[in-house]
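Residue numbers run from 1 in the order of the sequence given.
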Amino acid sequence: MARNLPTKSSENPPGPWTPVEELERLFGSLQDQVDRWRSLLDDGNADGAFTPLADIEETDDAFLVEIELAGVKRGDIDLTTAGRRLTVTGERKEKERVGILRRRTRTVGRFRYEITLPGEFDAEEVTAGLEDGVLTVRLPKPETDRPCRITVN
């Protein structure tokens, strides 16, 4: 079975071939392709935006959406609501580097997260905060949609 080993070059002669480095290189290349396809397929993000990881929790009085946005500044995040839909967009900007970037596994660039919640929320009372790299959006339910306890006499 023939292998594509690095060729010798007078400019930058390669070190000895190691299977671990080759696997890391292949994995990085495969991950780049998966990320590109995922950005096109997830939620119809044909604009190339990635979809950050998120948790959605429903309590008696609100919906809580927590989105992982490590490295994103408050001013680089936009939130919009329409009907029962919440849309969070923004950009994780490339960090200025002094040295040589040897490997990248963190996603940078535009992001988009969209969800249609299972119930109504009060758009005027929505709050959002960014702490420890997690954006928490609280979407309170209208009073009429909150459960009410009734005691039996």
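Sorted by first and then second residue, the side-chain hydrogen bond (donor to acceptor under 3.5 Å, both in side chains) pairs involving residues 62-77 (not counting sequence neighbours) are Asp76-Lys93.
A distance-only check finds a donor-acceptor pair linking the side chain of Arg92 to the backbone of Ala70 [under 3.5 Å].
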With a cut-off of 3.5 Å and sequence neighbours excluded, list every side-chain donor-acceptor pair involving residues 132-141.
from   : atom 1 : to    : atom 2 : distance (Å)
Arg138 : NH2    : Asp61 : OD2    : 2.9
Lys141 : NZ     : Glu58 : OE2    : 2.6
Lys141 : NZ     : Thr59 : O      : 2.9

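Shown here for Phe121 and Pro142, the closest heavy-atom pair between the two residues is CA-CD, 3.9 Å.
Taking hydrophobic clusters as Ile, Leu, Val, Met, Phe, Trp and Tyr residues chained together by side-chain heavy-atom distances below 4.5 Å, Val108 does not share a cluster with Ile77. Hydrophobic clustering (ILVMFWY, side-chain heavy atoms < 4.5 Å, transitive): Leu64 and Val88 are in distinct clusters.
Residues passing the side-chain hydrogen bond (donor to acceptor under 3.5 Å, both in side chains) test with Arg104, sequence neighbours excluded: Glu94.
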Pair Arg85-Thr116, side-chain hydrogen bond (donor to acceptor under 3.5 Å, both in side chains): steps then yes or no: CA-CA 4 Å; Arg85 182 172 280 296; Thr116 300; 3.1 Å; yes
Under the criterion side-chain contact (heavy atoms from CB on, under 4.5 Å), I'd like the reasoning laid out for Thr89 against Tyr113: C-alpha separation, chi angles, the key distance, then a yes or no. CA-CA 6 Å; Thr89 59; Tyr113 182 82; over 6 Å; no
Test side-chain contact (heavy atoms from CB on, under 4.5 Å) applied to Leu86 and Phe63, step by step: CA-CA 11 Å; Leu86 168 69; Phe63 296 100; over 6 Å; no
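In Arg97, the CZ atom is crowded: over 12 heavy atoms of neighbouring residues, nucleotides or ligands sit closer than 6.0 Å.
Here the CG-OG1 distance, from Leu79 to Thr81, works out to 9.0 Å after rounding to the nearest 0.5 Å.
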